[in-house]
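Some notes on the structure that comes next.
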Amino acid sequence: MQLLPLGPPALLGLFREVLESSLVERGVAQGLELLGHADEFWRAVPIDELRRMAQGGNAAAQAELAWRSASGVGLPKSVADAVHWATRSAELKSPAGEAVLGWLLYHGMGLPKDYGEAVRLFERAAGAQDSRGMTWFALCLLRGHGVSADMPRGSELLRRAAEQGSHLAQYWLGRLLYLGRHIPRDFAAAAVWLRRASDHGQGRAADLLARCHFFGRGVCEDRREAVRLWRLAAQDGVAPAMFCLGLCLYAGEGAAVNHAEAVTWFRAAARKRVSGAMFLLGQCTTFGFGVTPDPALGLAWYRRAAERGNREAEFELGEAYATGRVHLPRDLEEAVKWWRAAARQGHARAQLKLGHCHRWGEGVEENKGLALAWYRRAAEGGEVSAHIWLGECYEHGDGVAADAVAARRHYLAAAQAGLAHGLAELGRCQLYGIGGQADPGRGEAALRQAAEGGWRPALDELERYWFAEGERHFHGHGVVADAAKARPCYRKAGELGHRRAAYMLAECLRHGLGGPADAIQALTWYRQAATLFDAKLALADMYYHGEGVVRNYREAYRWYEQAVAQHEDAFALYSLGFCLLHGHGVRRDAKLALRHLRRAAVLGEVNAQYELGVAYYRGIGVARSPRLAMKWLRMAAGHGHEEARGFLERIERGEKLN
């Protein structure tokens, strides 16, 4: 006879008929024949009617009432009631009662834990074909709890119970096949048994079946079906399913993103002490996903999850103390405590953080050897950036003997994992020949690729290298000086933004060093280096004299002015004063001109000394003073200034010079 669906009025009518009949006194054998497997019957009996049957002496009803009291299904959980009703049922030799009493003994609920007695009761119940007894006895045989392990017998008994329609056995058989515990893993077979158990309301089976669909284990991958099954299991009160459903809604896997509903399920799972749900509630509350942002409340959720051992929450709590997040004081010692807790559970980023702390003595005593150990664990745990820090330790001998080859090997590992920083370090090794043969071509390519990957310092390293190469060839450091070889190096560094290299290239082009002179190109490179004082001065000179550009006194004056503002240089002061004195590119201002010339003259600029002497002799911008004029003219002449000497000779001959 086909089983009636659970819940319709016809089925409830049959329940009432059974309750009002003599079956209350004689058991429910006839009812079971009508309704199918015992699991179907007892799960649908209302609690009040079940209690009446139990109080009336029905041993099977007493067993079911004991089970509901133990599991908290349909009534408040009560271990005392569970023990009471299971004991009464077992005393009446009910296989179902013996099975439940055995379960209480097995778990030590209300009774001292006793695997041996539990197995004895399970075996008796199994002998009477009780589905729970068969299932639990099979599990004890598989686990070797209270009885010698017997895998073949346990597997056969569990399979027989499942084939006879026990949904509990179907769930456990599917679970063990899914996990590959005690029996060989078989996802396809697991999915079949989990489906059968799930179709009859086994929420835990629906949870595992959802995992099969989510990951495509034994069935076709179907994220939507996984979400549907998790929703059924979650509504049945299965905590992992609540968490997984929340995750799918949070991430948009198998369902549209719905942060608000995700938070609802995370809260439900958190109430069942799922630490991962507490952690994600912290995430949602901190960042305002599905709820109003509240960093303080988010931190409280992180703490609750961390105190329950969630390693992600432990890491985040460490981060909060390290940065002084929300209302927490910055406390590196407390941060280290939480990072260490996460690290001990294999959290690779926390292991990396601990490595940093021990390496530099932050929040903990400096210990470079221990730092190296944590870096290694982080790298082994999948934190590829740890290879970079391991490389640094080996390169510089921190906590280990310096080993450039090992350093380069770690940089290579980080680069192969796709880290731009690792690629940059590998490129640096290739440029300079650290830990292996130098290969500037490959090194430059690696550094450029690292820069394209977002590691901006890679180009800084490259420009420093090419500038250093340019300087080495230009000045003959370790090689024969050769400006021709320096030029392309300066150009490469200049193209990367190295201002000093751009200036040196401009100097080579302007003065024909290492190749033909090219004033126009020189002007371009001086402009690129224009933040440098030397480049400003060169630009001013080129505009003043019309080198590579049409002479432009106004532009020359602008550059001289900028040069003086940047650095008190004698020649720049003289040039600025000269322009002001003669009105070149600016309105003539003798007083301001002499102020600049006087500063330049004091700094030893002979041209300024000459101009100052002439100004005092002729009274240009100052009161005429032959004494001061002779002082400055003689000073300039003494430094070899020919015009100053000529001026003095004409004075001595009595020539009129005004």
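Just so you know, these numbers come straight off a predicted model, no measurement behind them.
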Heavy atoms only: give me the nearest L209-A191 pair and the separation to one decimal. CD1-O, 3.7 Å

Are C140 and Y115 packed together at the side-chain level, in the sense that at least one heavy-atom pair is separated by less than 4.5 angstrom? no

Does a side-chain N-to-carboxylate-O contact under 4.0 Å join E461 and R456? no

Heavy-atom donor-acceptor pair, H213 side chain to E225 backbone, under 3.5 Å: no

Could you check whether any side-chain N or O of R330 sits under 3.5 Å from a backbone N or O of A322, counting only pairs where one atom can act as donor and the other as acceptor? yes

Using modelled atom types and a 3.5 Å cut-off, is there a donor and acceptor pairing between side-chain atoms of E314 and backbone atoms of A342? yes

Whether R311 and E316 form a salt bridge (side-chain N of Lys/Arg under 4.0 Å from carboxylate O of Asp/Glu) is what I want to check. no

Looking at G453 and A420, what are the two nearest heavy atoms and their distance? O-CB, 3.9 Å

Is the backbone of I434 close enough, under 3.5 Å, to the side chain of R408 for a donor and an acceptor to pair up by distance? yes

The reported gap from CG in L142 to CH2 in W172 (rounded to nearest 0.5 angstrom) is 10.5 Å

pair Y250-V257: side-chain heavy atoms closer than 4.5 Å: no

Measure from the side-chain N and O atoms of Q351 to the backbone N and O of A343, and report whether any donor-acceptor pair falls under 3.5 Å. yes

What's the separation between atom CD in E156 and atom CG in L141, rounded to the nearest 0.5 Å? 12.0 Å

Please state whether the rings of H167 and H200 are parallel, tilted or perpendicular, taking 30° and 60° as the class boundaries. parallel

Residues forming a side chain to side chain contact (heavy atoms under 4.5 Å, CB included) with A210, sequence neighbours excluded: A226, L229, W230

Is R304 salt-bridged to E307, going by a charged N under 4.0 Å from an acidic O? no

Please test M134 against Q164 for side-chain contact (heavy atoms from CB on, under 4.5 Å), starting from the C-alpha separation and ending with a verdict. CA-CA 11 Å; M134 292 173 73; Q164 289 176 3; 3.8 Å; yes

Which heavy-atom pair separates G427 from A446 by the least distance, and what is that distance? CA-CB, 3.7 Å

Would you name the heavy atoms of A255 and V227 that are closest together and state the gap between them? CB-CG1, 4.2 Å

Under 4.0 Å between a Lys/Arg side-chain N and an Asp/Glu carboxylate O for K353 and E319? yes

Work out which heavy atom in A424 is nearest to a heavy atom in L447; give both atom names and the distance. O-CD2, 3.3 Å

E253 vs R224, test: salt bridge (charged side-chain N to carboxylate O under 4.0 Å, His left out). Steps then yes/no. CA-CA 8 Å; E253 289 286 350; R224 289 188 179 277; over 6 Å; no

Using the six-membered ring of Y178, assess whether NZ or CZ of R175 lies under 6.0 Å from its centre and within 45 degrees of the ring axis. no

Flag the pair Y411 / H387 as yes when their ring centroid distance falls below 6.0 Å, and as no otherwise. no

Qualifying side-chain hydrogen bond (donor to acceptor under 3.5 Å, both in side chains) pairs, either residue in residues 280-297, two or more places apart: Q283-Y302

For a 4.5 angstrom cut-off between non-hydrogen side-chain atoms, does L462 reach R448? yes

When you check the gap from the basic side-chain N to the acidic O, do E64 and R132 get nearer than 4.0 Å? yes

Go through it in stages, so that I can follow the logic: the residues are D398 and R359, the test is side-chain contact (heavy atoms from CB on, under 4.5 Å), and I'd like the CA-CA distance, side-chain angles, deciding distance and then a yes or no. CA-CA 8 Å; D398 284 352; R359 187 178 179 192; 3.1 Å; yes

Closest heavy-atom contact between D130 and A99? OD2-CB, 3.4 Å

Between W103 and H107, do the side chains contain an N or O donor and an N or O acceptor separated by less than 3.5 Å? yes

Return yes when atom CZ of R185 has more than 12 non-hydrogen atoms of other residues, nucleotides or ligands closer than 6.0 Å, and no otherwise. yes

Is any side-chain N of the basic residue among K492 and E444 closer than 4.0 Å to the acidic one's carboxylate O? yes

Distance, nearest 0.5 Å, that separates CH2 of W374 from CG of L354: 5.5 Å

Side-chain touch L173/T135, heavy atoms, less than 4.5 angstrom: no

Parallel, tilted or perpendicular: which describes the rings of H421 and W389, with under 30° parallel and over 60° perpendicular? perpendicular

Derivation and outcome, side-chain hydrogen bond (donor to acceptor under 3.5 Å, both in side chains), residues H145 and Y106: CA-CA 9 Å; H145 288 180; Y106 182 92; 2.5 Å; yes

Note: R211-D207 ion pair, threshold 4.0 Å (strictly below): yes

Taking NZ, NE, NH1 and NH2 as the nitrogens, is one of them in E366 or K368 under 4.0 Å from a carboxylate oxygen of the other? yes

Keeping the roles fixed (side chain from E383, backbone from L352), state whether a donor-acceptor pair exists under 3.5 Å. no

Under 4.5 Å between any side-chain heavy atoms of Q235 and R231, yes or no? yes

To the nearest 0.5 Å, how far apart are CZ in F315 and NE2 in H347? 5.5 Å

Minimum side-chain heavy-atom gap M109-K77 below 4.5 Å: yes

CA sep, side-chain torsions, deciding dist, call: L157, F137, side-chain contact (heavy atoms from CB on, under 4.5 Å): CA-CA 8 Å; L157 184 60; F137 183 47; 3.4 Å; yes

What is the distance from atom CD of Q170 to atom CG of L194, rounded to the nearest 0.5 Å? 9.5 Å

Walk me through it: do R303 and L317 pass the test side-chain contact (heavy atoms from CB on, under 4.5 Å)? CA-CA 7 Å; R303 189 177 296 279; L317 201 54; 4.1 Å; yes

So do the side chains of K337 and D331 get within less than 4.5 Å of each other, counting heavy atoms only? no

Return all side-chain donor-acceptor pairs below 3.5 angstrom for residues 238-249, not counting sequence neighbours, or 'none' if the list is empty.
none

Rounded to the nearest 0.5 Å, what's the gap from CG on L176 to CG on L139? Could you check? 6.0 Å

So do S69 and L75 actually touch side chain to side chain, heavy atoms under 4.5 Å? yes

